[in-house]
Amino acid sequence: MSIVQQLQQAVVKSLNNLYNQLFTEKDFQINLTKPEFEGDYTVVLFAILKQTGKTPDALGQELGAKLTQDYPTLFTQYNIIKGFLNLTVADDFWLQLLHKNYNDICYGKHAMNGKRVMVEYSSPNTNKPLHLGHLRNNFLGWSVAEILKAYGYEVFKSCIVNDRGIHICKSMIAWQLFANGATPQSTNAKGDHFVGQYYVKFNEEHKRQIAELVATGKTEKEAEKETPIMLATQQMLYDWEAGKPEVMKLWHEMNAWVYEGFDVTYKNIGSDFDKTYYESNTYLLGKKIVDLGLEKNVFMRKEDTSVWIDLTADGLDEKLVLRKDGTSVYITQDIGLAQQKYDEYNINESIYVIGDEQNYHMKVLKLIAQKLGVGAANAIHHLSYGMVELTTGKMKSREGTVVDADDLVQEMIDTSRKHTEELGKVKDFTENELVELYNTIGLGALKFYLLRVDPKKRMVFNATESIDFHGFTGPFVQYTYARIRSILRKEVYDASKPISSTLLKNEKEIMVALEQYPSVIAESAKELDPSKVAIYIFNVAKTFNSFYAELSISKAESEEKKQLRLQLAMMTANILKNGMQLLGANVPERM
RNA sequence: GACUUGGUAGCUCAGCUGGAUAGAGCAUCAGCCUUCUAAGCUGAGGGUCAUUGGUUCGAAUCCAAUCCAGGUCACCA
């Protein structure tokens, strides 16, 4: 139980005893005491004045006296300032917490809750390489999965690969037209980048052909649908659905190139999945669902034989779920997949990490799933995240203004090498150790940068800021960890030695911060928001750095103080490491 | 137009289940390395919390309206 919960209970009990009325934790607020006042936690009294009929001062006095009297092991002092009751928590309380947990690498982790959850993220298209937006998605998905594990869930990570459809055919057509049989091997290119080039080429050629048609008097809209290259692409999609051998062969071949490239990227950024679904396998799933829906009268068939659902009662529109030619649409496939996930993994909750442009779609998906009685439909959560914009404007694949994921990762690693070399602190590292260090720092910086802001908000990617390694950044946290490790290599905590029983200001500050970790994980898990963890570990690191600047560990004023500070350092290091891991980032022993 | 998300320091963001003088980082300026790693620490300046009205002891936070920006409203995925 957290300190705040303990305080709440104590206050509730005391109030009930004092005034013989029923109070609950919701009747008042407990906050951290502002640094300019004496105390650790503050009870805000205004809300309970009316109920007690007391003045702020009288209520504060009575409650403060009662609390210190009834809970001498919890509170040592109190003071009242204008309706705020500031309570000082006993050093002993903090010390017991520290002694119990200083070397517990599981501190903060919650007990298993018996629930199974699937986190779907990444969802790449096999016609182009991953870009900055995918990185936000991947980091979020991974991190949320880790945070949910820490909160007690059994987590399954899944990925749906969009490996079929008109956009895939675009790359294929362009390859046929322009590649002259070139392959990633023959051009020494990474597979996904190689295929991505042809997607760009398609759009260039398409644009050129539109201009030609417009010159002959067609409107822009007509021209878009009638260019020879677009007609060929549509024919190819038709052939693909018919299973035409030479199209299937090319499709397999090009997708294989892309997967080879993705494997490298995923390995570099540390993403993996327990289950990968391919749309080419799932796109037929919706059919069964449609039959079920018709049977249950959730869906209705129109005269042209297309199938619809009427969501007007829910404030939405009528939505198509099956085309008149009998092929399923996106939403239908998704419902089918939702059911399949449930059948295969028996999940209680299902989380989709998908951009906020699909908010409406996900709302519809959940609604239909609920109406159909798809498993765990009520526990479908859309982790909706905002687009990543550049300082120069939006990213657009077709206009070549995307930030490529591989390039960005490499740039971060290069920058970390540059910084590290300038500082010259690890000159004795082997080449392998250096490579690992640069990776740790570069990726740590990137992940922290993308995860430190509220997922649902749009964010601006500032290239110079992202490679800054000072302040509110991953390397700042990593550096703090490395500094602690450096101390712990020289000074060893000895449990047989006596330990200080009082806390100085800086010692208590770090202790107050460390105590919050389990609550932060809980909050972060409930909100599906890794930024809470990022902000928290930054704050822990900052607090420790002040402590470090103010008080020496190896040259502590007494042996008792040294032992105490070693415990504090160990517990801080554990939390920093653990917290960074929840963000998918590592920490180095030295940097 | 309808629905939806946002607007807080020069920039990027916290704070939003109402509480004390609105916080960080970057940038700017001034200090701190013969003492555990200066990727650090300490301090200064910088704000009409988009605007207006309301609710109340108290509003950045809740409500309403307005303005601005993003997203969605496809037989695309």
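Basis for what follows: all heavy atoms, side chains included, without hydrogens, waters or symmetry-related copies. Proteins get letters first, then strands, A, B, ... in listed order; numbering begins at 1 in each.
- Between A/Trp251 and A/Trp240, the ring planes lie perpendicular to each other; the angle is over 60°, past the 30° to 60° tilted range.
- Ring orientation note: the planes of A/Phe472 and A/Phe448 are nearly perpendicular, at an angle over 60° on the 30°/60° scale.
- Between A/Phe46 and A/Phe84, the ring centre distance stays below 6.0 Å.
- Under the 6.0 Å distance and 45° angle rule, A/Lys319 does not count as a cation-pi partner of A/Trp308.
- Minimum atom distance to the side chain of A/Val453 is reached by B/rA14, of the listed B/rA14, B/rA39, B/rG40.
- Evaluated for a side-chain contact (heavy atoms from CB on, under 4.5 Å) with A/Thr233, the options A/Lys170, A/His167, A/His206 yield exactly one hit, A/Lys170.
- Taking the ring-ring contact (aromatic ring centres under 6.0 Å, His included) definition, one finds that A/Tyr438 meets it with nothing, sequence neighbours left out.
- Atom P of B/rG23 sits at a distance of 42 Å from the matching atom of B/rC73, rounded to the whole Å.
- For A/Ile484 and B/rA39, the CD1 to C1' distance is 15 Å, given to the nearest whole Å.
- Each of A/Lys532 and A/Ser486 lies near RNA chain B, and the nucleotide nearest A/Lys532 is the one positioned closer to the 5' end.
- Secondary-structure annotation of RNA chain B gives the stems B:1-7 with B:67-73, B:10-13 with B:23-26, B:28-32 with B:40-44, B:50-54 with B:62-66, with a stem taken as at least 3 successive Watson-Crick or G-U pairs whose two distances both fall under 3.5 Å.
- Looking at heavy atoms from C-beta onward, A/Leu140 lies in side-chain contact with A/Leu451 at the 4.5 angstrom threshold.
- A cation-pi arrangement, defined by a distance under 6.0 Å to the six-membered ring centre and an angle within 45 degrees of its axis, is present between A/Arg164 and A/Tyr283.
- By the side chain to side chain donor-acceptor pair (under 3.5 Å) test, A/Asn127 pairs with no residue at all, sequence neighbours left out.
- At a threshold of 4.0 angstrom between heavy atoms, the contacts of A/Lys490 are confined to the sugar-phosphate backbone, with no base atom among them.
- Comparing A/Ser416 and A/Ser552 against RNA chain B, the residue whose closest nucleotide sits nearer the 5' end is A/Ser552.
- In B/rC33 the base sits syn relative to the sugar, since the glycosidic angle is no further than 90° from 0.
- Among the atoms of the strands shown, none is found under 4.0 Å from any heavy atom of A/Leu316.
- When heavy atoms are screened at a 4.0 angstrom cut-off, A/Met459 is found touching the sugar-phosphate backbone but no base atom.
- With a 6.0 Å cutoff to the six-membered ring centre and a 45° limit on the axis angle, A/Lys128 does not count as a cation-pi contact of A/Phe202.
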Give the B/S/- string for nucleotides 19-27 of chain B, one per nucleotide from 5' to 3', where a protein heavy atom under 4.0 Å of the base yields B, of only the sugar-phosphate yields S, and otherwise -.
BB---SSS-
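- Heavy atoms of A/Ile354 sit nowhere under 4.0 angstrom from any nucleic acid atom.
- Computed from coordinates, the A/Leu551 CG to B/rU35 C1' distance equals 14 Å when rounded to whole Å.
- Both tests hold for A/Arg483 against A/Tyr548: distance to the six-membered ring centre under 6.0 Å, angle to the ring axis within 45°.
- The side chain of A/Lys555 approaches B/rU35 more closely than any other nucleotide in the set B/rG40, B/rC16, B/rU35.
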Nucleotide by nucleotide, nucleotides 72-77 of chain B touches protein heavy atoms under 4.0 Å in the pattern (B base, S sugar-phosphate only, - none) SS-BSB
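- Between A/Ile535 atom CD1 and B/rA14 atom P there is a gap of 7 Å when expressed in whole angstrom units.
- Residue pairs meeting the salt bridge (Lys or Arg N to Asp or Glu O under 4.0 Å) criterion with at least one member in residues 41-61 of chain A, sequence neighbours excluded, are A/Lys54-A/Glu62.
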